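Read through the structure below, which is laid out as structure tokens, and then see the notes.
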Amino acid sequence: MLRFNMRAWILLLLFAGTFYSEDISGCEQQPCQNGGVCESHSGGFQCLCSQQSRNGRLYGGANCTVPLSGCDENQCENGGICSPLLVNDQQTYTCICPPGYTGPKCQISTTFSFESQGYMYMDTKQLDPETPLNVTFSFRTENPTGTLFQRRVDDLLLTIELIDGHLCLLNLRDQGTSTLVQELPQYLSNNKWHTVEASLGGVVSLIRLLCSERSCTRDYSVEIQLMDQAAHLPEPGALRQSLFVGAIGGKWVSGRAQDGADHPPAFLGCFRDVFVDSHLVLPAEVPKDSNIQVNIIAGCSDKDKCEDNPCQNRGRCVSQGWRRYVCKCHRPYEGHNCTEEYITARFGNKDLESYAMFSIDNDPGDSVVITMFIRTRQSSGLLLILANTTSQYLRLWLVEGRVKVQVNNYENLVGRNTVSNGHFQLLTVKLEGTAATLFQSAQIQNSIAIRRVQIHPGDLVYVGGLPDLRASASFGGYFKGCIQDLRINSKRLQFYPVSTPVESYNLEKLEAVAQGCSSDNTCAANPCLNGGECYSMWDDFICSCPSNTAGKRCEEVKWCELSPCPATAICQPLSQGFECKYPFLKDLLLQHYCLKIHVPLQARISIP
Ligand SMILES: *[C@@H]1O[C@H](CO)[C@@H](O)[C@H](O)[C@H]1NC(C)=O
Ligand SMILES: *[C@@H]1O[C@H](CO)[C@@H](O)[C@H](O)[C@H]1NC(C)=O
Ligand SMILES: *[C@@H]1O[C@H](CO)[C@@H](O)[C@H](O)[C@H]1NC(C)=O
Ligand SMILES: *[C@@H]1O[C@H](CO)[C@@H](O)[C@H](O)[C@H]1NC(C)=O
């Protein structure tokens, strides 16, 4: 009996098992329409509606029969994906935002960038120093170095830094010790977005690469709360609890040497989707002089800065990674954008005896290139001398309008083209081991073999002349003209320094040299004769001569044009006068009847 009963119970339980779902769930009636999947629940069923649209529609409601229209006018901005919903029988939607955007309609950009040293500061005083700070962020840069985050907890500075393109976590102590805690193996300075999670503080700090570029997804439907920003940044000494985001230079870092050399370099690049303990961090509207947010730019521009043609004066722009460039300037231009020009020095202004002297403070090595722009109309004069205490081992001067180079008092090199034409031209003297070469405006002039010369610290460079008048005279006297952008190798010899910092030799003396390249007032001495009109040019003049005079100073009078001879005679010009010739007389008679008139050169006559 007992045995039978047990069997009956088992059967009953089995029957109960089979009938349970039929009786209580409604899934047998296949209530879920439009591809919905039915799930039984205690006391009923639930439809999981298909996420695949049918005839361009998604369906919702208890039985997936209600067409969803919440996204009929796509509500999401910035490429967000709209997902229609039925909430309490109301049509609505939610947006799935692409990286870099947030908000109910993805209308808020979370991207910001640093194009120069800057940061965003957050006060973390209210946080327990023992609790780790959860940080997730995406970044993008081409620069292999830069500091992205710093959290200070008392005398410990936790730093997330790019070192050689690898993201590193470092512990810096105020005493100056620095410990590398972790280094990610991937190279991340490749101008792609990378998403990183970090835990800063607490027992263990660590960083983890979540994803790179497009493989990053994030649930943006969660309610976003903004991180409260600090009102102002306290003095560095009072910074016991803080968090910095961005291109943090050495300024707020007290854990490292303050000499500037060891400071972490600034991070230049972009951030997006920065979350600190699930709070979104965004640049805020702050007053211009605010120190909690410095040099932050909204968005992340990919543009090559060279497209703006920042280099002036035909300088060549070279892109230098993320939003940076350098200008390769043409001489004599200098500066970040090639806007500054080396200041020209005028020698021999009003025929003054002028010169400049520089001292050598380095060893330029075995290969020496001396270059300068010169402008002159004089065919002689001293350009440059390099001398040590015993010898003037390099001399440059003008002879008959040509450049002459003399090495070691002995080897001579003369240019083929004249330079004294009143135009600027680049002179280059190359001393390479045992060869000396002269170039004028990049054209090779001549080359000779020389005995090696060696420039030593303490040697002197004289430009335009020597202190001694007679010594200068043996090189055709003092130089008259202009010199600009003089260099020995890459080091400048500046008569008047430009504001761009450049490596320069020391100017020891500047005697009667003037700034600029002004001309002498060449018309002041009335050089034009016979009523000619004087026009001044740079260190020269032009005479506009009356019709019957000629020559540079109108000194040649065309006497015959004044018809001075009798009608039967022919007027013939002489070098300083004229003669009347009678062609029909015999040679013998000619002597007697010929009238010769010589006019002194300086005589001025008025010409009708
Ligand atoms: C869903 O289907 C069930 C069973 O087929 C039915 O009883 C119920 O009324 C339907 N609900 C709606 C809202 O259509
Ligand atoms: C930080 O993240 C870890 C792991 O994701 C979590 O366990 C912890 O609660 C988070 N801490 C805070 C303060 O959000
Ligand atoms: C160089 O040019 C850029 C754009 O043309 C400008 O923004 C920048 O201030 C300039 N820099 C200097 C040092 O003049
Ligand atoms: C001066 O230069 C010449 C030529 O290079 C060299 O022979 C001589 O030793 C140098 N004198 C001194 C004192 O350096």
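Since the model is a prediction, treat every value here as computed from it, not as a measurement. We count ligands from 1, going down the list as the structure has it; atoms in each ligand are counted the same way.
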How long is the straight-line distance from CD of Glu508 back to CZ of Phe358, given to the nearest 0.5 Å?
9.5 Å
Are any non-hydrogen protein atoms located under 4.0 Å from atom 9 (O) of ligand 1?
no
Any N or O of Asn388 closer than 3.5 Å to N or O of ligand 4
yes
Enumerate the atoms of ligand 4 whose separation from the nearest heavy atom of Asn408 is less than 4.0 angstrom.
4 (C)
What is the ring orientation for Phe373 with Phe424, classed by angle as parallel under 30°, tilted 30 to 60°, or perpendicular over 60°?
perpendicular
Name the closest protein heavy atom to atom 4 (C) of ligand 1, giving the residue it belongs to and the distance to 0.1 Å.
Pro31 CB, 4.2 Å
Numbering the atoms of ligand 3 from 1, which are under 4.0 Å from a heavy atom of Tyr325?
1 (C), 2 (O), 3 (C)
Under 4.0 Å from one or more heavy atoms of Tyr393, ligand 4 contributes atoms 2 (O), 4 (C)
Option from Thr344, Leu427, Ile374, Leu493 for which side-chain contact (heavy atoms from CB on, under 4.5 Å) with Ile483 holds
Ile374
Would you check the N or O atoms of Asn63, main chain and side chain alike, for any that come under 3.5 Å of an N or O of ligand 1?
yes
Give yes if a backbone or side-chain nitrogen or oxygen of Asn337 is under 3.5 Å from a nitrogen or oxygen of ligand 3, and no if not.
yes
Looking only at distances, please establish whether an N/O atom of ligand 4 is found under 3.5 Å from an N/O atom of Thr390.
yes
Step by step, work out the salt bridge (charged side-chain N to carboxylate O under 4.0 Å, His left out) result for Arg451 and Glu411.
CA-CA 8 Å; Arg451 283 170 297 151; Glu411 295 106 345; 3.5 Å; yes
May I ask you to list the atoms of ligand 4 that are less than 4.0 angstrom from any heavy atom of Thr389?
13 (C)
Less than 4.0 Å between a side-chain N and a carboxylate O, is that true for Glu400 and Arg402?
no
Would you call the rings of Tyr121 and Phe244 parallel, tilted or perpendicular, where under 30° means parallel and over 60° means perpendicular?
tilted
My question is simple, although I want it checked carefully: is atom 2 (O) of ligand 4 less than 4.0 angstrom from any protein heavy atom?
yes
Would you call the rings of His194 and Phe139 parallel, tilted or perpendicular, where under 30° means parallel and over 60° means perpendicular?
tilted
Are more than 12 heavy atoms from other residues, nucleotides or ligands located less than 6.0 Å from atom CZ of Arg316?
no
In the protein, what heavy atom is nearest to atom 13 (C) of ligand 3, and what distance, to one decimal place, separates them?
His336 CB, 3.9 Å
